[in-house]
Each structure stands twice: as structure tokens, then as C-alpha cells.
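Residue numbers start at 1 and run along the sequence shown. Treat the numbers as computed from the prediction; the structure is a model and nothing was measured.
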Amino acid sequence: MMFGCGGPNEGIYTGEIGNKKKVQIQVSAEGEVILEGYWQEALKGTHERGTYKGEDMNALVFEGPASKKFKLRILYQDQGNELIIRAIQSRTYGPGARYISTEEKAVFTPPPRLYRLTVD
């Protein structure tokens, strides 16, 4: 479950990541997470903890469609009404599969930010 400090606050976060001009992450009150605009179709995911270059970090992990099984992991830092994207990685299923960077620059400088839209 994703309550309290277990993930980003409920709402819609939007912005640019790399050459993707309209990325949107929707977080429901129940903890369901949906990513739109990064892959050709919407991906469903969950919040997890991860590490990147030895640093503990929040991660949103999305499952690829049944026709192309993979996991997409977005490592981020939560800063109020912003998600600061530190890295995006993917991996296939199978023994020994490891996450690899999906963006040209594994670590963004400056990092992209997704801004939370006002929820009424």
C-alpha cells in the first residue's frame, strides 16, 4: 500500500522527460500509478524502494504490455508538489536481467521535474 511516506501524493504529475514532451503520472488514493506519454500506451505500476549508484531512492515501477514483457523503473525524489526524476531504467524478464538506462543520459543534468496539478 502507498500511504504516508510510501510514495508520491495522490494527484496528477506532468512535465517533460528527455524528448517526451507530455509525460503524465497519475497517482490514485489507493496507490495505483499510471504512466502516460512515455511509452506508446499507458503503463500501470506501483511504488517501490530502489537504489541508484549506492543511494536509496524512491522508484515507480511499471509493467510493460503482455505483448512485450518488461519493467520500466523511474527513480525519483519527492519535493513537495514535484517529482524530480533522477534516472529511468528498464529491464526484460528472465534470469540475470538487470536494469539498464533507457535515456541517452542515465543521470539527468538538470533533472526533469514533473509538477503536480492542483486537485480540487
Side-chain angles (χ1 to χ4, degrees):
M1 293 194 134
M2 195 173 90
F3 298 105
C5 62
N9 292 326
E10 175 186 1
I12 298 171
Y13 298 81
T14 187
E16 296 181 16
I17 298 176
N19 63 357
K20 315 291 194 291
K21 300 300 180 197
K22 189 174 180 189
V23 176
Q24 185 169 288
I25 294 175
Q26 298 174 37
V27 181
S28 74
E30 296 78 32
E32 182 180 62
V33 184
I34 298 173
L35 172 66
E36 294 182 290
Y38 191 81
W39 183 253
Q40 56 252 35
E41 58 190 85
L43 301 177
K44 290 184 180 180
T46 58
H47 176 265
E48 297 181 9
R49 290 295 295 167
T51 57
Y52 186 66
K53 296 191 175 189
E55 184 180 347
D56 286 336
M57 210 169 276
N58 290 310
L60 297 172
V61 178
F62 300 92
E63 298 282 331
S67 61
K68 185 173 175 75
K69 297 291 278 179
F70 68 91
K71 283 190 174 187
L72 180 73
R73 179 168 78 168
I74 297 177
L75 294 151
Y76 73 95
Q77 292 175 307
D78 194 348
Q79 189 175 76
N81 287 326
E82 299 177 14
L83 299 182
I84 302 170
I85 309 302
R86 294 298 180 188
I88 299 178
Q89 304 169 326
S90 66
R91 74 171 179 83
T92 58
Y93 282 88
R98 298 179 57 171
Y99 280 107
I100 59 168
S101 295
T102 59
E103 292 290 324
E104 192 174 304
K105 297 178 180 177
V107 178
F108 299 104
T109 306
R113 294 172 183 259
L114 300 182
Y115 298 93
R116 186 169 178 253
L117 301 176
T118 304
V119 178
D120 294 331

> Hey, does Leu35 have a side-chain heavy atom less than 4.5 Å from the side chain of Ile74?
Replying inline: yes
> How about Leu43 and Tyr38: do any of their side-chain heavy atoms sit closer than 4.5 Å?
Replying inline: no
>> When you compare the side chain of Ser90 with that of Leu72, does any pair of heavy atoms fall below 4.5 Å?
In response: yes
> Quick one: do Phe62 and Trp39 end up in the same hydrophobic cluster if we chain Ile, Leu, Val, Met, Phe, Trp and Tyr together by side-chain heavy atoms under 4.5 Å apart?
Replying inline: yes
> Do Leu60 and His47 touch side chain to side chain, with heavy atoms closer than 4.5 Å?
Replying inline: yes
> Going by heavy atoms in the side chains, are Val27 and Asn9 under 4.5 Å from each other?
Replying inline: no
>> If I compare all heavy atoms of Arg73 with all of Thr51, which pair ends up nearest, and what's the gap?
In response: NH2-O, 3.8 Å
> Atom CD1 in Ile85, atom CD in Glu16: separation rounded to 0.5 Å?
Replying inline: 12.5 Å
> To the nearest 0.5 Å, what is the distance between CE (Met57) and CG (Asp78)?
Replying inline: 12.5 Å
>> Can you give me the closest heavy-atom contact between Ala59 and Gly50, atom names plus distance?
In response: CB-N, 4.4 Å
> Do you know the tightest heavy-atom contact between Asp56 and Arg49?
Replying inline: CB-NH2, 3.5 Å
> If you look at every heavy atom in Gly7 and Tyr76, which pair is closest and at what distance?
Replying inline: CA-OH, 3.7 Å
>> Under a 3.5 Å distance rule, please check whether Thr14 uses its side chain to pair with a backbone N or O of Tyr115 as donor and acceptor.
In response: no
> How far apart are the closest heavy atoms of Phe70 and Pro65, and which atoms are they?
Replying inline: CE2-CD, 3.7 Å
> What residues, two or more places apart in sequence or in another chain, satisfy side-chain contact (heavy atoms from CB on, under 4.5 Å) together with Gln40?
Replying inline: none
>> Just checking Lys44: does its NZ atom have more than 12 heavy atoms from other residues, nucleotides or ligands closer to it than 6.0 angstrom?
In response: no
> Under a 4.5 Å cut-off applied to non-hydrogen side-chain atoms, are Leu83 and Pro112 in contact?
Replying inline: no
>> So, using side-chain contact (heavy atoms from CB on, under 4.5 Å) as the criterion, who are the partners of Lys22 when residues are at least two apart?
In response: none
>> Less than 4.5 Å apart, side chain to side chain, heavy atoms only: is that true for Arg91 and Gln89?
In response: no
> What's the verdict on side chain to side chain contact (heavy atoms under 4.5 Å, CB included) for Gln77 and Glu55, showing C-alpha distance, side-chain angles and the deciding distance?
Replying inline: CA-CA 11 Å; Gln77 292 175 307; Glu55 184 180 347; 3.8 Å; yes
>> So Val23 and Glu36, do their side chains get closer than 4.5 Å, heavy atoms only?
In response: no
> If every non-hydrogen atom of Ser28 is compared with every non-hydrogen atom of Glu10, which pair is closest and at what distance?
Replying inline: C-CG, 4.0 Å
>> Same cluster or not: Tyr13 versus Ile34, using hydrophobic residues (I, L, V, M, F, W, Y) connected whenever any side-chain heavy atoms lie under 4.5 Å apart?
In response: no
>> As an exercise, state the distance from OH of Tyr93 to CD of Glu63, rounded to the nearest 0.5 Å.
In response: 3.0 Å
